[in-house]
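Computed from a prediction, not measured in an experiment: that's the story for all the values here.
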Amino acid sequence: IALGPVVPLASSYMFSVYGLAGEGSGDVTWSGAADTLVVYATGDVADISIGGDLYVQAGWTIGNLDCRNIRAITGLSIGNISAADDIGTVTSVKSIGTVSANDSIYWVSAGTSIGMVTALGNITAIQAGTSTSGISVGGWLGTVSAGLDIGGEVSAGLWIGGAYFPDAV
């Protein structure tokens with residue numbers, strides 16, 4: 001009997017790490033592949049690079065993220081974020097590094113600053129307490145706000161806000 005190619009089982013992981021001993025406890029380091037990874041940590045989460053989807057929530061910081069689809073929430077800061085597909089909600093009390101998606105970005109919010117934000121699809125909303133470094137979107141760009149400065153170039157392929165501008169810059 002010929003069975004054809006063997007298809008590997010999906011690898012999905014979900015876990016929580018709680019540290020009660022103060023700073024340095026409740027930290028997470030992930031290594032390995034995952035189709036879906038869900039992480040809750042009271043401390044820091046180190047860099048994560050997987051081919052699948054990531055949902056991560058940390059009490060302190062989150063390192064650089066490189067995944068297919070990403071949602072991330074943290075109490076302090078997040079490093080650079082790169083998604084092969086979409087970025088959902090990314091929020092940080094302090095800063096977020098550069099943010100890029102090969103498709104769309106729903107919402108990026110930081111209490112202080114956000115690095116360059118790039119999406120080949122659309123961006124719904126970007127909100128920074130102090131500043132952004134620039135925004136480039138292939139489709140439409142919804143809401144952008146910053147307490148002090150929207151720095152760098154802001155460009156969109158179709159729409160900025162509610163106005164339609166083919167090749168808008």
Side-chain angles (χ1 to χ4, degrees), residues 5-17 27-41 43-110 112-128 132-144 150-160 167-169:
V6 175
V7 177
L9 296 175
S11 55
S12 296
Y13 306 94
M14 178 179 176
F15 59 92
S16 300
V17 177
D27 293 351
V28 170
T29 299
W30 174 265
S31 65
D35 292 324
T36 304
L37 179 62
V38 180
V39 178
Y40 297 95
D44 299 319
V45 175
D47 297 354
I48 296 177
S49 178
I50 59 172
D53 301 335
L54 173 68
Y55 178 88
V56 59
Q57 184 171 339
W60 291 96
T61 64
I62 297 174
N64 299 324
L65 305 176
D66 185 6
C67 311
R68 180 176 51 216
N69 294 299
I70 301 170
R71 292 186 63 194
I73 300 169
T74 186
L76 286 180
S77 62
I78 304 175
N80 299 324
I81 301 169
S82 176
D85 199 3
D86 295 317
I87 295 176
T89 299
V90 175
T91 183
S92 171
V93 172
K94 287 192 176 181
S95 63
I96 299 173
T98 60
V99 180
S100 66
N102 284 340
D103 197 0
S104 295
I105 296 173
Y106 175 65
W107 183 41
V108 178
S109 174
T112 59
S113 63
I114 301 172
M116 180 70 184
V117 179
T118 306
L120 298 179
N122 304 314
I123 297 176
T124 303
I126 299 171
Q127 180 179 10
T132 65
S133 295
I135 302 161
S136 175
V137 59
W140 54 262
L141 174 61
T143 304
V144 178
I150 297 175
E153 181 177 299
V154 176
S155 65
L158 292 177
W159 300 58
I160 295 178
D167 301 318
V169 176

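Remark: I78 CD1 to I62 CD1 distance equals 4.5 Å, nearest 0.5 Å. Here the CD1-CD1 distance, from I96 to I114, works out to 5.0 Å after rounding to the nearest 0.5 Å. Atom CD1 in I73 sits 5.0 Å away from atom CD in Q57 (nearest 0.5 Å). Atom OG1 of T143 is separated from atom CD1 of I126 by 10.0 Å, given to the nearest 0.5 angstrom. N102 contributes atom CG, which lies 13.0 Å from atom CZ of R68 (distance to the nearest 0.5 angstrom).
The backbone N or O of K94 sits less than 3.5 Å from a side-chain atom of T112, completing a donor-acceptor pair. Using modelled atom types, one side-chain atom of D27 and one backbone atom of D44 make a donor-acceptor pair closer than 3.5 Å. Under a 3.5 Å cut-off, the side chain of S136 and the backbone N or O of S155 do not form any donor-acceptor pair. Judged by distance alone, with hydrogens and angles left aside, the side-chain atoms of T36 form no donor-acceptor pair with the main-chain N or O of S12 at under 3.5 Å. With hydrogens and angles disregarded, a donor-acceptor distance shorter than 3.5 Å links the side chain of T74 to the backbone of W60. A distance-only check finds no donor-acceptor pair linking the side chain of W140 to the backbone of G142 [under 3.5 Å]. Remark: side-chain polar atoms of N69 are not paired, donor with acceptor, to backbone N or O of D53 under 3.5 angstrom.
Every residue was checked against the salt bridge (charged side-chain N to carboxylate O under 4.0 Å, His left out) condition with R71, not counting sequence neighbours, and none meets it. In this structure, D86 has no salt bridge (charged side-chain N to carboxylate O under 4.0 Å, His left out) partners at least two apart in sequence or on a different chain.
In terms of heavy-atom proximity, W30 sits nearest to A34 at CZ2-CB, 4.2 Å.
Each of N64, I70, L54 was checked for a side chain to side chain contact (heavy atoms under 4.5 Å, CB included) with I48, and the lone residue meeting it is L54. When each of I87, T132, I105 is paired with V117, the side chain to side chain contact (heavy atoms under 4.5 Å, CB included) condition holds for I105 and for no other.
The aromatic rings of Y55 and Y40 lie tilted to each other, with the angle between the two planes from 30° to 60°.
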Q: Show your reasoning for whether side-chain contact (heavy atoms from CB on, under 4.5 Å) applies to V90 and V99.
A: CA-CA 9 Å; V90 175; V99 180; 5.7 Å; no
Q: Kindly indicate, with the supporting measurements, whether the criterion side-chain contact (heavy atoms from CB on, under 4.5 Å) is fulfilled by F15 and V39.
A: CA-CA 5 Å; F15 59 92; V39 178; 3.7 Å; yes
Q: Quick one: do S100 and M116 satisfy side-chain contact (heavy atoms from CB on, under 4.5 Å)? Show the steps, please.
A: CA-CA 8 Å; S100 66; M116 180 70 184; over 6 Å; no
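For the pair W107 and T124, the minimum side-chain heavy-atom distance is 4.5 Å or more.
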